[in-house]
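First the structure, in the form of structure tokens, and then the observations on it.
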Amino acid sequence: AGEDILKNISRAIRGCKLAVILGTKTYGKTTGGMFDTYKEMQFILGTKKPYVLIKMCDRFEQDETDFQFSHNGIGYIQWTPGSAMPASVIPTIKARLSGAPPPTESPAPGTAPEPAPPSPEPEQVPKFCPAGHVLQHRGRRSGWSCDNPQGCSRGGIGSDDWRCQNCDFDLCGLCYSQVAPGERAPQRARPAAGASEDDDENILLSRLKLELLRRAMINALEDAVDNMDSTWPGGIQKKTRVRVVHVSRQDPNVQVGAIGIVVGRDESSGSYTVNFGGSPNWRAESKDIVMDTKADQVREGARVMIKPSVKTLKYGGSPDHTLSGYVKEVDLRSCKVAVELGKDKPWVFDIAELDPASSNFGNWPGRIQCGNAVKVKAGVETPKKQWGNVRPGDVGIAKRRYFTPDGEELILIDFPRCDNWKGIPAEIEVDAAADCIRPLARVQVKKSLEEPEKGWQGVTHSSVGVVKKTGYDGRVVVKFEEQADFESSLRELSVLKGGGAGGGGSGKCCSVS
């Protein structure tokens, strides 16, 4: 199925006159599958296909997406989801269409040229396009639409295409059969005077709606692939952090000791696909890699520190080995890790530059450190800065510690129901039990909890699961045998004795990937 999607979309892009890119925030993200929007972006830019970028977010999650589009020097149209469509969309598309070159017939990079269409049999009387050129049979293919003036537009997957390359004119098999032998197909329908602009815009709007639907489906597919668990034999699974111990296939960016993330496995050969900071999709034999237990804990929600051995940072800045923070995001393709360090914005590191940090490690004064799980002390009836949307007993993540212009010291905390909640240090404490709930920790729903906020989802008090990720705001995703993506929060879970991240613990439990 993945190969069909890749083939159909690449043909559609190659055959179109103009690509309209709906740039959602995850556009340009790789999933490691046969098709994703990263491959789509590279194909559009690599074939120099004219395009219009409609940016549907403030900022792309992938830095490479921003770079690729800004590097091409072509502007974009900002269209925030939920708002009215900007008036400039249709005129911009029409303007770009008027200057767009005809579709290229050269094959996509790395693919064989498409075979020439078969010529009509000698006894057949040819049929012609409106301009008098012979219509050639291109076979059953996708990525085009029928130009029947009756408005057929069947052009779906598996539909016969009769084409005039000179005029960029196509008829489906049904409409072709309605043209008499030796005759020309009727001209494209011409709208009545005064209606041309509206008709053109209605067609473009319809196509934009279809593209919006396609983009939503692709985003859902990317999320599903990203979150999909693997059940491969052995200890290495999808998303396992590994260290290179042997190099079977030479690559200047992959050396013994390099740290990467596994994103795929070939079932027939048993080899793995591993991404490294400078070399994605490196093929590793089983003897080439081993799990790196420390790097494997560098997942979303983990507290981390810069390795003492790191002297220079790959993405700039000087290493401060007194800092600690928590992981906000890990990019599986580039191995970039966004870490909240209590600064104005997260810092980006290569995964090989980080180690897991202990609960009390850091340079903040006192017990509370950046990334600790914290709550309002039980004896505080009303916090100085008020409760807001936070409730007594809620557990959040300490993000930043700072002084106001008046000299008041505050801690900025993200809770499940409230980001950037402000509290004074004297009213806040570390929740030691919740602070152990990190990626790979073995957990249960608290015995004292009557019902989780999101419901039981098939899980019970006796179920044992493994934390897949801890969100920046104290939300947690746990893999139970009964529910692979159990949504919960720090206040609802307890860690099994000895079952912290990297720990053993007891009780029946499933593995996490």
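For clarity, every value in this text was computed on a predicted model and none was experimentally measured.
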For Lys345, does the NZ atom sit with more than 12 other heavy atoms under 6.0 Å from it, leaving out its own atoms? no

Using the rule given for side chain to side chain donor-acceptor pair (under 3.5 Å), can you reason through Asp288 versus Ser248, listing the C-alpha separation, both sets of side-chain angles and the distance that settles it, and then say yes or no? CA-CA 7 Å; Asp288 292 336; Ser248 296; 2.8 Å; yes

CG (Leu354) and CD (Gln297) are apart, to the nearest 0.5 Å, by 12.5 Å

Would you confirm whether Asp414, through its side chain, and Asn420, through its main-chain N or O, come within 3.5 Å as a donor-acceptor pair? yes

Check: Ser286 main-chain N/O paired with His246 side-chain donor or acceptor under 3.5 Å: no

Say you draw a straight line from CD1 of Ile437 to OG of Ser494; how long is it, rounded to the nearest 0.5 Å? 7.0 Å

On the ring face of Phe349, is Lys336 found with NZ or CZ under 6.0 Å from the centre and within 45° of the axis? no

Residues Pro308 and Asp355: closest non-hydrogen pair is CD-OD2, 4.5 Å

Does atom NZ (Lys446) have a neighbourhood of more than 12 heavy atoms from anything else shown, all under 6.0 Å? yes

Distance to the ring centre below 6.0 angstrom and angle to the axis at most 45 degrees; does that hold for Lys399 and Tyr326? no

Check whether more than 12 heavy atoms from other residues, nucleotides or ligands sit under 6.0 Å from atom NZ of Lys307, and answer yes or no. yes

Donor-acceptor pair, side chain of Glu353 and main chain of Asp350, under 3.5 angstrom: yes

Donor-acceptor pair, Gln369 side chain versus Asn363 backbone, under 3.5 Å? yes

Is there a donor-acceptor contact under 3.5 Å linking the side chains of Arg243 and Thr293? no

How are the rings of Phe60 and Tyr27 set relative to one another: parallel (under 30°), tilted (30 to 60°) or perpendicular (over 60°)? tilted

Quickly, which of Ile21, Ile54, Leu53, Val52 forms a side chain to side chain contact (heavy atoms under 4.5 Å, CB included) with Tyr76? Name it, please. Leu53

Looking only at heavy atoms, the pair that brings Val445 and Pro452 closest together is CG1-CG, 4.4 Å

Nearest atoms (heavy-atom pairs only) where Arg438 meets Ala302: CD-CA, 4.4 Å

Under the criterion side chain to side chain donor-acceptor pair (under 3.5 Å), I'd like the reasoning laid out for Ser279 against Asp251: C-alpha separation, chi angles, the key distance, then a yes or no. CA-CA 8 Å; Ser279 185; Asp251 186 307; 2.6 Å; yes

Identify the residue among Asp473, Val476, Val443 that makes a side chain to side chain contact (heavy atoms under 4.5 Å, CB included) with Leu490. Val476

Short side-chain to backbone donor-acceptor contact, Arg400 and Leu410, under 3.5 Å: no

For the side chain of Asn275 and the backbone of Asn281, is there at least one donor-acceptor N/O pair under 3.5 Å apart? yes

Check for me whether Arg333 meets the cation-pi criterion with Tyr38, that is, NZ or CZ under 6.0 Å from the six-membered ring centre and within 45 degrees of the ring axis. yes

Rounded at 0.5 Å granularity, tell me how far SG in Cys370 sits from CZ in Arg303. 7.0 Å

Sequence neighbours left out, cut at 3.5 Å: what donor-acceptor pairs do the side chains of residues 379-386 make with other protein atoms?
from, atom 1, to, atom 2, distance (Å)
Lys384, NZ, Glu408, OE2, 2.9
Lys385, NZ, Glu408, OE1, 3.2

Could you walk me through whether Tyr472 and Glu300 pass the side chain to side chain donor-acceptor pair (under 3.5 Å) test, one step at a time? CA-CA 8 Å; Tyr472 74 95; Glu300 290 182 22; over 6 Å; no

Say whether, by atom type as modelled, one donor and one acceptor occur between the side chain of Gln444 and the main chain of Val495 under 3.5 angstrom. no

Within this structure, what is the CZ-CD1 distance for the pair Arg241 and Ile289, rounded to the nearest 0.5 Å? 13.0 Å

Return the CG to CZ distance between Leu412 and Arg401, rounded to the nearest 0.5 Å. 12.5 Å

Answer yes when Glu487 and Arg475 have at least one side-chain N-carboxylate O distance shorter than 4.0 Å, and no when they do not. no

Kindly determine whether Asp406 and Thr404 satisfy side chain to side chain donor-acceptor pair (under 3.5 Å), including the steps that lead there. CA-CA 5 Å; Asp406 297 332; Thr404 68; 4.8 Å; no

Quick check with a 6.0 Å cut-off and a 45 degree axis cone: is Arg417 positioned over the face of Phe415's six-membered ring? no

Can you tell me if Lys328 has over 12 outside heavy atoms packed within less than 6.0 Å of its NZ? yes

Tell me whether Asn372 contacts the main-chain N or O of Ala398 through its side chain, where contact means a donor paired with an acceptor under 3.5 Å. no

4.5 Å side-chain heavy-atom contact, Val477 and Phe486: no

Residues Ala441 and Cys436: closest non-hydrogen pair is CB-O, 3.7 Å

What do you reckon, is CD of Gln255 surrounded by more than 12 foreign heavy atoms closer than 6.0 Å? no

Side chain proximity check, Met305 to Phe361, heavy atoms < 4.5 angstrom: yes

Output yes when a side-chain donor or acceptor of Trp421 lies under 3.5 Å from a complementary backbone atom of Trp387, and no otherwise. yes

With Ile261, the side chain to side chain contact (heavy atoms under 4.5 Å, CB included) member among Asp331, Val330, Asp296, Val274: Val330

State whether the number of non-hydrogen atoms from other residues, nucleotides or ligands found under 6.0 Å of Lys454 atom NZ is greater than 12. no

Hey, is CD on Glu451 packed in by over 12 heavy atoms from elsewhere, all under 6.0 Å? yes

Verify, without hydrogens or angle tests, whether Asp435 (side chain) and Ala373 (backbone) share a donor-acceptor contact under 3.5 angstrom. yes

Working for salt bridge (charged side-chain N to carboxylate O under 4.0 Å, His left out), residues Lys375 and Asp394: CA-CA 6 Å; Lys375 63 183 180 182; Asp394 279 357; over 6 Å; no

Arg283 and Thr273: CA distance, side-chain angles, deciding distance, side chain to side chain contact (heavy atoms under 4.5 Å, CB included) verdict: CA-CA 5 Å; Arg283 185 178 174 187; Thr273 301; 5.8 Å; no

The reported gap from OG in Ser462 to CD in Glu482 (rounded to nearest 0.5 angstrom) is 7.0 Å

Smallest separation among heavy atoms of Gly235 and Met291, with atom names: O-CE, 3.7 Å

